[in-house]
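The structure appears right after this line, and notes come after that.
Throughout, residue positions are numbered sequentially from 1 according to the sequence presented. In this text, all values refer to a predicted model and were calculated from it rather than measured experimentally.
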Amino acid sequence: MQPTLASLVQHSSLKLTVLAGEGRLSMPIRWAQVSELEDPVPYLDGGELLLITAMKIDAENPDAMRRYVDRLAGAGVIGLGFAAGVNYEQVPQALVDAAKEADFPLLEVPRRTPFIAITKAVSAAIAAEQYRSVTAGFEAQRELTRAALTAEGPAALLGRLAVHVGGWAALYDVSGALVDAAPTWAERRAGRLRVDVERLRDRPAPASAVVSTADGDDRVELQTIGSGRRVRAVLAVGTGAAPGTAERYAVNSAVALLTLTTERSRALQEAEQRLGGAVLRMLMSGEAGHARAVAGSLYGGLLDFPLRVMVAEASNGSEAPADPPEPGPLDLLTEAVEAGAARSGEAVLVVPDGGRLIVLAADGGAAVTACAEYVRGVADPLVVGVSAPTGIAAAPAAFKQADQALSVARRRGSPMVEHEDMASGSVLPLLAEDAVKAFADGMLRPLHEHDANGRGDLVASLRAWLSRHGQWDAAAADLGVHRHTLRYRMRRVEEILGRSLDDPDVRMELWLSLKATHVPGVSHSS
């Protein structure tokens, strides 16, 4: 253990006697320093035991001794060792009184104990403590490594780390959500630090910060996990005081091991992406059996249950590469989806597809929820289309559904559209496509031009007649005209368009054209 005044007093060969400050002997000693200067403070760093013979100070002057002791205490000196029998046969009473008044540790050093013996004792104790810390650090590293290799992985590692630091440890994913904490009682305490975790996560990696818990009981050190500039996770370590050397070794080892477990190698990432791409292509080709065989245990669990297909893209249509590369919107979406699935123990298949991202996720699972939460809360522009729930046999149809939903999301300016929303809603918003509007304008343009010349209201008459399913009396009543007038106008429509209103296809095209030119927010040409 680190040397203290108490351990020096208990050192049998030093024969030190405590004259003042008995209640403060547990203070650790950083060094033992000899100085006969009247004011040694400018040359001290704090934490020293100062050794003197009082060659240059008036040790019998009460006022001088009070000033001397107060200055030493203010500079962080933890105690004073006075050599008796050198310049003074005994420690002067003025110095003893000043030390007692300030509750400042004062030790009497007998003449037969040289200062060098005290310095050697302190140095040996510091060296022993450093050796113990290094040894304990290596032992912690071995234990943490063994824990990281168990089935529990990071959870077991956090448990051992909490023991070694005498506090608690927690791990957060890239979204800032709490993944695990040890011991279990620390979960609520760690959960309150999400804002601090998100703030650290957004800084360039590697990054660290020291914060306090809401109740102020813990000093919490946060460190980002991940190689390079990409943050994969955040580690929190809560202790009652700043970690010592051994504890620091344990924390650094945990950071290194968590980096290895959360940051997969580039080769492994590429291999998984190739495998995922192969599985996806088989599913899209209707080869569900082959896809299941290739997926094996990596994605096999996903293919046994109803799933959804999600197609995502940056709303600007592309992701410009940065130099050096920075994670783009689709990269961050990938991390959010995979983190959400990992927290729930789900399998998820994420495949980059040019400027898009294709995701196969369990219906009602955490990956779909994480995707929705991310795209609706992120500042980076993203649009996502989601299929209806389906089995792997219908994966090609589900992909088409997701692609259609993506087109609608892009047109509406919505971050995410599910295929069920399209099917349960009206078809009319879909008529806002440019091709549909161009067709409608072209078909109705002659009628608009006729009406613009003041020769009747053929467009309104056509709308009323079609809305009444060709019932002359009802449509004429809606328009406030005689039914013969309406019949004349419909003949004019047929003449101008060169189309027969008896043809149901013509009536359908005209009705959709009228609707397309009156979709909310869509203007028509006249």
Side-chain angles (χ1 to χ4, degrees), residues 1-4 6-7 24 26-30 46-47 76 78 125-126 128-148 152-173 176-201 203 205-226 231 233-259 261-262:
M1 59 183 295
Q2 191 167 357
T4 62
S7 65
R24 302 183 62 186
S26 61
M27 296 290 291
I29 301 174
R30 294 181 56 188
I78 64 166
I126 291 174
E129 170 62 17
Q130 290 176 339
Y131 178 77
R132 186 203 67 81
S133 297
V134 171
T135 302
F138 283 134
E139 177 58 30
Q141 186 179 51
R142 286 192 292 269
E143 285 192 23
L144 293 173
T145 301
R146 286 195 294 268
E152 293 80 8
L157 186 150
L158 292 177
R160 296 310 306 161
L161 178 60
V163 171
H164 279 286
V165 300
W168 57 269
L171 186 66
Y172 306 80
D173 64 23
L178 180 64
V179 175
D180 209 338
T184 54
W185 57 259
E187 290 182 2
R188 179 173 297 181
R189 191 171 298 186
R192 301 190 187 107
L193 298 174
R194 178 158 187 164
V195 173
D196 298 296
V197 171
E198 291 176 346
R199 187 180 299 118
L200 180 69
R201 176 202 63 195
R203 288 168 49 186
S208 62
V210 176
V211 299
S212 298
T213 53
D215 53 18
D217 290 342
D218 288 339
R219 174 193 184 274
V220 182
E221 187 169 316
L222 303 175
Q223 293 211 30
T224 55
I225 303 297
V231 175
V234 174
L235 173 67
V237 178
T239 52
T245 304
E247 292 79 9
R248 178 58 56 197
Y249 268 107
V251 173
N252 291 341
S253 297
V255 170
L257 290 167
L258 287 171
T259 297
T261 58
T262 57

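Annotation: the span from L144 atom CG to L161 atom CG amounts to 6.0 Å, rounded to 0.5 Å. For the atom pair CD1 (I225) and CG (L257), the distance works out to 9.5 Å, reported to the nearest 0.5 Å. In this structure, CG in N252 is found 6.5 Å from CD in Q223, a value given to the nearest 0.5 Å. Rounding to the nearest 0.5 Å gives a distance of 6.0 Å between CG of L222 and CG of L200. Separating the OG atom in S253 from the CZ atom in R160 is a distance of 13.5 Å, to the nearest 0.5 Å.
Closest approach of A236 and V220 over heavy atoms only: CB-CG1, 4.1 Å. Heavy-atom minimum distance, W168 versus A162: CA-CB, 3.9 Å. Residues P154 and L171 approach most closely at CB-CD2, 4.1 Å, considering heavy atoms. For E139 against R142, the heavy-atom pair with the smallest separation is OE1-NH2, 2.7 Å. Considering all non-hydrogen atoms of both residues, R30 and I126 come closest at O-CD1, 3.1 Å. Listed here is the closest heavy atom pair of L157 and A254: CD2-CB, 3.8 Å.
Residues L178 and L193 have side chains not in contact (no heavy-atom distance under 4.5 Å, counting atoms from C-beta outward).
The main-chain N or O of G244 is found under 3.5 Å from a side-chain atom of E247 such that the two form a donor-acceptor pair. The main-chain N or O of G167 is never found under 3.5 Å from a side-chain atom of T239 such that the two would form a donor-acceptor pair.
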